[in-house]
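Working notes for the structure below.
In what follows, chains are A, B, ... by sequence order, proteins preceding strands, each numbered from 1.
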Number of protein chains: 2
Amino acid sequence: MGASKTDHFTEKQNQLAAIAKALGHPARVAIIEYLLSVDSCICGDIVNVLPLAQPTVSQHLKELKNAGIIKGSIEGNAICYCINEETLSILQAFFSHINNHLQIKKSNCC
Amino acid sequence: MGASKTDHFTEKQNQLAAIAKALGHPARVAIIEYLLSVDSCICGDIVNVLPLAQPTVSQHLKELKNAGIIKGSIEGNAICYCINEETLSILQAFFSHINNHLQIKKSNCC
DNA sequence: AATATTTATCGTAATATTGCAATATAAAAA
DNA sequence: TTTTTATATTGCAATATTACGATAAATATT
């Protein structure tokens with residue numbers, strides 16, 4: 001196996017899982033943090049910042065892009081990446097939802 | 001390969017990635033949602049709720065537990081699972097951090 | 001004690017992920 | 001036009017993940 005049985009779950013569950021999965025690697029977390037740390041979007045220097053080879057970084061960027069977490073646009077012979085707020089807000093809404101529920105019911109065991 | 005180079009990233013980045021990764025499967029999202037939907041923690045009926053075989057569910061529960069997202073305690077011959085708020089608050093803090101940054105700088109390109 | 005119930009573990013097959021060298025592509029600079 | 005610069009793609013090896021049948025372990029029930 002190795003493949004998730006996505007068709008047995010709701011669209012929403014699959015969507016949330018896909019976004020979370022894309023963030024489930026330290027290099028990709030580092031990319032997001034770097035994108036945040038610079039003032040605008042970045043055109044070029046991600047590879048020099050990460051401790052990974054260029055093809056590997058390119059692959060991680062691709063996955064973040066596929067998950068909709070970042071957007072990239074061509075800027076001369078470089079590519080300009082920035083965070084896609086809409087996608088991350090989906091995850092944030094999920095966590096707000098969780099926290100609301102947890103605070104209301106004040107878990108009565110465990 | 002197939003193994004992440006975790007030693008090249010910060011503890012925080014690895015921690016965030018590990019939690020996100022644990023949420024990166026629809027079955028595990030479904031488990032969290034089910035844990036939220038019932039009033040207290042659940043002792044037993046997770047397997048019947050998910051469209052997966054019992055060993056598979058057990059494995060997913062183990063991963064959520066390893067990531068610190070849920071806690072389990074023995075309750076007779078069943079096991080009582082519930083959400084660990086502390087761990088999820090780490091992710092929520094990350095997203096708040098991101099959103100604060102994004103709102104401040106109001107991305108000037110892309 | 002014998003049986004049922006609940007959850008975990010083992011073993012294994014199918015597939016996915018990670019990482020990089022080599023190479024391709026495409027625009028910029030010389 | 002040739003060369004440089006920046007990024008993507010391909011191919012491949014090592015490892016991880018997903019799923020489940022078979023089985024184990026541990027408590028409850030009869």
**OP:** Using atom NE2 of His60(B) as one end and atom C1' of dA16(D) as the other, report the distance to the nearest whole Å.
**Re:** 14 Å
Original post:
If you check every side-chain atom of Ala78(B), which of dT7(C), dC20(C), dA8(C) has the closest atom?
Top reply: dT7(C)
**OP:** Report yes if a side-chain nitrogen or oxygen of Tyr81(B) is closer than 4.0 Å to either non-bridging phosphate oxygen (OP1 or OP2) of dT6(C); otherwise report no.
**Re:** no
**OP:** Let me know the distance between NZ of Lys71(A) and C1' of dT7(D), rounded to the nearest Å.
**Re:** 20 Å
Original post:
Of Lys65(A) and Gln59(A), whose closest DNA chain D nucleotide lies nearer the 5' terminus?
Top reply: Lys65(A)
Subject >> Residue of the set Lys12(B), His8(B), Gln13(B) for which side chain to side chain donor-acceptor pair (under 3.5 Å) holds with Thr10(B) >> reply: Gln13(B)
**OP:** Starting at the 5' end of nucleotides 22-30 of chain C, put B wherever the base has a protein heavy atom under 4.0 Å, S where only the sugar-phosphate does, and a dash everywhere else.
**Re:** B----SS--
**OP:** Can you tell me the distance, in whole Å, between the CG atom of Leu61(B) and the P atom of dT18(D)?
**Re:** 13 Å
Subject >> His25(A) and His60(A) aromatic ring geometry - parallel, tilted or perpendicular at 30°/60° bounds >> reply: tilted
Subject >> Proximity to the side chain of Ala3(B) - top-ranked nucleotide from dA19(D), dT7(D), dT15(D) >> reply: dT15(D)
**OP:** Test Gln15(A) against Phe94(A) for side-chain contact (heavy atoms from CB on, under 4.5 Å), laying out the working first.
**Re:** CA-CA 11 Å; Gln15(A) 185 189 34; Phe94(A) 181 57; over 6 Å; no
**OP:** Using a heavy-atom cut-off of under 4.0 Å over every strand shown, decide if Ser4(B) touches base, sugar-phosphate, or nothing.
**Re:** sugar-phosphate
Original post:
Looking only at heavy atoms, which two atoms of Tyr81(B) and Leu61(B) are closest? And how far apart?
Top reply: CE1-CD1, 3.7 Å
**OP:** Pick base, sugar-phosphate or nothing for Thr56(B), based on heavy-atom distances below 4.0 Å to the nucleic acid.
**Re:** base
Subject >> Distance in angstrom units between Ile46(A) CD1 and dA6(D) P, rounded >> reply: 13 Å
Original post:
Between dT9(D), dA21(C), dT9(C), which nucleotide has the shortest distance from any of its atoms to the side chain of Ala53(A)?
Top reply: dA21(C)
Subject >> Lys62(B) vs dT7(C): side-chain N/O to OP1/OP2 distance below 4.0 Å >> reply: no
Original post:
Which residue, Ile90(A), Ile31(A), Ile19(A), Leu91(A), forms the side chain to side chain contact (heavy atoms under 4.5 Å, CB included) with Ile69(A)?
Top reply: Ile19(A)
Subject >> Asn14(A) CG to dT18(D) P, straight-line distance once rounded to whole Å >> reply: 13 Å
Original post:
Please give, in whole Å, the distance from dA8(C) P to Leu52(B) CG?
Top reply: 15 Å
**OP:** Strictly below 4.0 Å, heavy-atom distances to any atom of DNA chain C: list the hits from residues 19-29 of chain B, or just say none.
**Re:** none
**OP:** Give the rounded distance in Å between these two atoms: NE2 of His8(B) and C1' of dT18(C).
**Re:** 14 Å
Original post:
Could you state the interatomic distance from CD (Gln92(B)) to CD (Gln92(A)), rounded to the nearest 0.5 Å?
Top reply: 7.0 Å
Subject >> Listed nucleotide nearest any side-chain atom of Ile79(B), set dA8(C), dT9(D), dG21(D) >> reply: dA8(C)
Original post:
When we call it a touch if two heavy atoms are under 4.0 Å apart, what does Glu63(A) touch: a base, just sugar-phosphate, or nothing?
Top reply: sugar-phosphate
**OP:** Sort out for me which residue in Thr87(A), Ile83(A), Asn84(A), Ile32(A) forms a side chain to side chain contact (heavy atoms under 4.5 Å, CB included) with Leu64(A).
**Re:** Ile32(A)
Original post:
What integer distance in Å separates Asn48(B):CG from dT5(C):P?
Top reply: 12 Å
Subject >> Residue pair Leu52(B) / Phe9(A), side-chain heavy-atom distance below 4.5 Å >> reply: yes
Original post:
Where the side chain of Ser58(B) meets the backbone of Gln54(B), is there a donor-acceptor pair that is under 3.5 Å apart?
Top reply: no
**OP:** Between Val57(B) and Thr6(B), just flag the one whose closest nucleotide in DNA chain C comes earlier from the 5' side.
**Re:** Val57(B)
